[in-house]
Amino acid sequence: MDANYNPQQIETKWQRRWAELKLFDADVDPARKKYYVLEMLPYPSGALHMGHVRNYTLGDALARYMGMKGFNVIHPMGWDAFGLPAENAAIKHGRPPADWTFDNIAVMRGQLKRLGFSYDWRREIATCTPEYYRWNQWLFLKMYERGLAYRKKSRVNWCPECETVLANEQVVNGCCWRHEETPVVEKELEQWFLKITAYADRLLEDMRHLVRWPERVLTMQRNWIGKSPGTFVDFKVEGLDESLRVFTTRVDTIFGCTAVFIGPDHPLVEKLIRLSASPQKLRADAERIQAAATGSRAEASLEKVGAATGFHARNPFNGELIPVWLANFVLTEYGTGAVMAVPAHDQRDFEFCKTYGLPIRTVIQPKEQKLKEPLEEAFIEYGQLVDSGKYSGLTSEQAIEKMTRDAEAEGFGQGTVQYRLKDWGISRQRYWGTPIPILYCENCGIVPVPEADLPVVLPPRVKLTGQGKSPLESVPEFVNAVCPRCGGKARRETDTMDTFVDSSWYFYRYTDPQITSGPINSDAVRYWFPVDQYIGGIEHAILHLIYMRFFTKVMQDIGLVEFSEPVARLFTQGMVLKDGSAMSKSKGNVVDPTEMCDKYGADTVRLYMMFAAPPEKDLDWSDAGIEGAWRFLNRVYRLVEKHQAKLEVLQSTPHVMAVTPDRLTGEERNLLRKAHQVLRHVTEDMEYRWHYNTDIAMCMELANQLAESEAALAAGKIRDEVFRAAVELLVISLSPFAPHLADELWEALGHSEPLLKTPWPAFDPQLAAEEELEIPVQINGKVRARVLAAADASEEEIRRLALADEKVRQYLNGRQVIKVIVVPQKLVNVVVK
RNA sequence: GCGAAAGUGGCGGAAUGGGCAGACGCGCCAGACUUAGGAUCUGGUCCCGCAAGGGGUGGGGGUUCGAGUCCCCCCUUUCGCACCA
């Protein structure tokens with residue numbers, strides 16, 4: 001062993017050794033239990049950032065631990081390689097997106113390897129290769145066959161910066177998710193959609209299987225799906241032979257309806273303008289209100305603006321004629337785009353009707369006491385119906401059911417369920433993505449590309465301008481095609497798919513990344529799935545993590561997989577910050593992982609990442625903090641190096657089991673107790689909590705105690721083999737976090753097999769147990785003394801010891817003992833007067 | 001506004017089926033070894049106090065022999081949803 005810790009040399013050596021031994025290669029083996037550790041694959045932006053390092057270190061520690069526990073661990077990595085930055089780089093530097101992407105992948109793969117992660121690199125995938133995206137196209141065609149992929153003209157979210165369409169999920173506060181300062185604008189375009197709404201109920205329902213997912217993520221998904229059962233009610237508009245259909249969850253309040261509200265862009269508005277007595281005024285009103293409407297502003301407008309249309313509609317429940325108003329807060333895209341206004345029982349309607357002097361009529365009373373009139377705010381709870389004709393006296397719950405049934409029977413309404421979730425628009429007017437495998441034939445119309453013709457390959461050397469039209473439109477040899485049905489002239493779809501399609505099923509591909517007979521190998525999937533542990537950032541809570549669930553359900557319906565949820569357990573880690581805010585190039589506060597590896601080595605970087613904070617919390621990067629991790633690994637290295645000659649024994653099991661506890665000296669007992677306590681702590685933590693920061697702290701305590709034991713070792717009070725056993729347990733406990741150093745030390749201790757081939761030892765509960773405890777003695781809740789007691793001392797014994805203590809007796813002198821509370825192994829509290 | 005999570009030394013953080021607050025690390029102070037140290041090692045380090053002692057986990061109340069932990073009110077921060085009828 002070198003006198004000094006040289007991480008560069010050690011890490012290079014072990015990375016080579018691991019590769020030679022194929023330690024991370026995992027293959028299907030029905031005789032062994034499998035464990036699938038998955039981390040979210042990175043976008044090849046050019047450089048790994050510290051967030052990746054944290055994510056992947058968490059997964060790697062688990063993968064190594066599970067490997068030592070004897071599981072057949074699959075731990076793959078790949079590249080989410082399609083996307084806009086490649087194209088933008090191409091526009092800026094004139095390099096083809098593919099070149100830029102693959103160069104970045106090469107750099108980042110090197111960074112991952114430098115960090116020593118235990119990936120099975122044979123399974124690496126890049127989503128931008130035709131071998132991969134061919135199956136995006138295949139899955140798209142399967143969805144098309146089932147009516148789950150469809151085309152429609154619709155108002156879409158357009159990011160002027162990206163020059164492309166965004167999915168609803170990609171709009172954040174009215175701005176683009178990649179350009180937080182850029183407001184999204186609306187455009188009318190023909191788009192391809194995936195019918196995720198058809199799966200809304202299953203996405204909700206199956207959440208009951210996701211018991212090991214963070215509640216936060218499930219809540220976000222539940223809100224996003226926004227299931228809401230209610231009733232459609234048709235209001236006949238006077239002077240039109242048309243009904244205005246509203247959606248309400250509170251049909252029980254309909255006798256309090258004093259108006260009908262529609263959004264300024266409701267389809268009926270044009271017709272109303274045409275038939276209006278004062279069309280110019282109505283058009284002007286609609287435009288004015290549109291300008292004040294939700295969605296046209298980044299911040300939610302608080303002020304309610306509206307105008308009467310001059311038209312009236314009839315409430316089918318009581319025959320009352322009520323005015324139809326335009327209102328800026330009505331969302332055209334939700335429900336029917338029209339609502340009944342019940343100011344007494346809906347806060348928004350209340351505010352609106354107050355402003356415009358529309359009547360407010362109470363029809364629901366709380367069960368205990370009557371409402372004070374006039375109302376100061378809407379009463380929105382359930383209650384009892386009043387002034388509601390034959391429904392008066394019913395509870396809200398009863399009324400909703402009965403009135404919905406009656407509406408259906410009378411033919412002016414029906415029960416329904418509405419969702420906030422909308423279909424997933426996947427068309428992107430960009431080049432660097434999966435071509436949508438569709439042809440437009442002059443005779444046959446929309447024709448899917450036959451499976452045999454897949455993949456539809458992206459043409460190379462396309463001129464990219466970023467001008468808003470799909471770049472593929474300018475490539476005649478791509479666009480011009482022959483219709484597979486009639487042989488006539490056809491035009492190829494030039495939009496590409498949202499890259500979230502790529503990442504919705506990649507984790508299946510890992511189990512057989514080269515298969516050409518289908519997207520996945522069902523046998524391999526059967527063995528490896530579900531993913532036992534998925535790790536990634538919370539920012540994907542509703543994008544990737546809902547799309548991925550949707551895809552699995554579709555794949556189940558197609559018969560590709562036999563289950564409905566792909567991920568058994570999800571962990572969302574906190575962000576890595578610098579000086580309190582996210583690292584970014586523009587802030588100039590980026591810490592480069594490779595630079596840190598050059599300075600300290602991968603083990604130090606990894607150890608620090610795990611030590612600085614529990615994994616679910618944000619971690620503020622500290623240059624001083626990583627120094628501490630570096631010093632600790634140096635101490636451990638020197639400790640082993642110093643005693644190596646004594647400790648090296650060519651024997652491959654820890655010595656500890658050969659030493660019987662009752663023949664140990666007190667010093668030996670203390671040392672082994674600590675060592676087994678550390679092992680116990682790390683083992684239990686690995687199983688369920690992952691507070692690796694505390695595991696590492698325990699390792700530090702053991703290292704400190706080993707250093708303190710050196711005198712006893714020299715004096716012969718601790719035998720070499722006992723000291724060695726403790727050192728080995730330290731090395732093992734540390735190995736998931738600092739695997740290179742651990743293997744180096746393990747070898748130095750005389751072992752010929754690397755740690756991943758060494759079974760994770762079971763801690764010895766007897767050795768880990770305390771024999772004697774220091775029990776604090778409180779007088780009236782204040783600690784006044786401490787007594788030593790055997791760990792198994794009875795309540796009576798402890799009580800006697802406590803009351804006999806000199807200090808305690810001083811405090812009790814002259815006072816009356818009222819009560820003595822003894823908690824065995826914990827404390828004594830003497831209550832005195 | 002609604003919902004969730006969280007507020008502990010100078011800093012990152014330990015300790016929650018109620019039971020020694022501040023493990024471990026950083027920083028700081030003192031010392032040792034050194035020509036020197038930003039290397040290493042030793043000791044100290046919640047606050048007030050010379051001490052005895054007292055105070056202390058965002059603030060206020062409560063339950064309890066005992067509260068960082070449980071209950072109520074308030075404040076702050078972060079995240080999510082923000083007119084979804």
Side-chain angles (χ1 to χ4, degrees), chain A residues 4 172-174 214-217 219-228 230-231 246-251 253 261 293-295 299-304 327-331 333-342 345-349 351-352 380 418-422 538-539 541-542 574-575 580 607-608 611-614 616-629 631-632 634-635 638 691 693-704 707 773-786 818-832:
Chain A
N4 291 311
V172 179
N173 292 327
E215 197 45 52
R216 190 153 75 110
V217 172
T219 304
M220 283 166 76
Q221 292 205 359
R222 222 173 266 123
N223 291 342
W224 186 258
I225 294 166
K227 178 176 182 169
S228 139
T231 315
V246 305
F247 170 69
T248 177
T249 55
R250 292 297 303 275
V251 70
T253 64
F261 294 160
T294 316
E299 76 277 19
S301 70
L302 298 167
E303 212 180 328
K304 305 254 178 309
N328 67 328
F329 66 91
V330 176
L331 303 169
E333 64 279 5
Y334 182 76
T336 60
V339 300
M340 63 183 208
V342 184
H345 305 294
D346 181 287
Q347 189 56 28
R348 295 155 300 183
D349 298 346
E351 286 165 25
F352 189 97
I380 59 170
Q418 294 295 308
Y419 298 91
R420 187 180 177 279
L421 182 72
K422 282 185 258 174
I538 185 73
E539 65 274 17
I542 49 171
M575 290 195 300
L607 187 88
Y608 170 64
F611 180 64
E616 68 278 7
K617 283 186 64 170
D618 287 350
L619 182 160
D620 208 335
W621 178 271
S622 146
D623 292 331
I626 194 170
E627 285 281 346
R631 287 204 286 255
F632 169 62
N634 271 282
R635 278 206 302 281
R638 281 196 305 269
H691 279 198
N693 54 329
T694 64
D695 299 337
I696 293 164
M698 294 287 282
C699 289
M700 288 171 170
E701 287 182 39
L702 177 54
N704 292 343
L773 296 165
E774 202 184 53
I775 306 232
V777 183
Q778 301 182 327
I779 314 281
N780 285 347
K782 287 203 191 310
V783 180
R784 298 299 187 185
R786 289 161 206 283
I818 294 173
K819 200 174 181 184
V820 181
I821 288 131
V822 180
V823 185
Q825 303 190 339
K826 291 286 186 193
L827 62 40
V828 177
N829 190 9
V830 185
V831 187
V832 298

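These numbers were taken from a predicted model, which means no experiment stands behind them. Below, read A as the first sequence line, B as the second, and so on, with proteins coming before strands; counting in each chain starts at 1.
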Under 4.0 Å, heavy atoms only, any strand: does [X] hit a base, just the sugar-phosphate, or nothing?
X	result
A/Q778	base
A/N704	sugar-phosphate
A/G226	nothing

Over how many whole Å does the gap from [X] atom [atom1] to [N] atom [atom2] extend?
X	N	atom1	atom2	value
A/F329	B/rG1	CZ	C1'	16 Å
A/F247	B/rC84	CZ	C1'	9 Å
A/N4	B/rU40	CG	P	11 Å
A/H691	B/rU16	NE2	C1'	12 Å
A/I626	B/rG25	CD1	P	17 Å
A/M698	B/rA14	CE	C1'	11 Å
A/K617	B/rU8	NZ	P	8 Å
A/K422	B/rC84	NZ	C1'	10 Å

Taking the side chain of [X] as its heavy atoms from C-beta onward, which of [options] lies nearest to it?
X	options	answer
A/N693	B/rA14, B/rA85, B/rC83	B/rA14
A/R784	B/rC83, B/rG54, B/rG19	B/rG54
A/R216	B/rC20, B/rC79, B/rU40	B/rC79
A/A612	B/rA85, B/rG12, B/rC24	B/rG12
A/A613	B/rG13, B/rC20, B/rC81	B/rG13
A/V783	B/rA21, B/rG80, B/rC79	B/rA21
A/T694	B/rC79, B/rG66, B/rA15	B/rA15
A/V831	B/rU40, B/rA14, B/rC65	B/rC65
A/M700	B/rG25, B/rG66, B/rG27	B/rG25
A/F611	B/rG13, B/rA85, B/rG25	B/rG25

Quiz item: Rounded to the nearest 0.5 Å, how far does CG of A/L607 lie from CG of A/N693?
Solution: 11.0 Å
Quiz prompt | Inter-residue atom distance A/Q347.CD - A/I380.CD1, 0.5 Å rounding | solution = 7.5 Å
Practice problem: Report the residues that fulfil salt bridge (charged side-chain N to carboxylate O under 4.0 Å, His left out) with A/R216, sequence neighbours left out, ordered by chain and then residue number. | Solution: none
Exercise. Could I get the full list of salt bridge (charged side-chain N to carboxylate O under 4.0 Å, His left out) partners for A/E774, not counting sequence neighbours?
Key: none
Self-check item: Consecutive Watson-Crick or G-U pairs in runs of at least 3, all under 3.5 Å, in which RNA chain B is involved
Solution: B:1-7 with B:75-81, B:10-12 with B:24-26, B:27-32 with B:40-45, B:46-48 with B:53-55, B:58-62 with B:70-74
Quiz item: Does the side chain of A/Q221 come within less than 4.5 Å of A/I542's, by heavy atoms?
Solution: yes
Quiz prompt | Any side-chain heavy-atom pair of A/V246 and A/F261 under 4.5 Å | solution = no
Quiz prompt | Donor-acceptor pair, side chain of A/N780 and main chain of A/V832, under 3.5 angstrom | solution = yes
Quiz item: Can any side-chain N or O of A/Y608 pair as donor or acceptor with the backbone N or O of A/S622 at less than 3.5 Å?
Solution: yes
Quiz item: Given that A/R250 and A/K826 both sit by RNA chain B, which one's nearest nucleotide is further toward the 5' end?
Solution: A/K826
Quiz item: At under 4.0 Å, does any side-chain N or O of A/R222 touch on OP1 or OP2 of B/rG3?
Solution: no
Quiz item: Does any donor-acceptor pair link the side chain of A/K304 with the base of B/rC83 at a separation under 3.5 Å?
Solution: yes
Self-check item: Glycosidic conformation of B/rG80, taking syn as within 90° of 0 and anti otherwise
Solution: anti
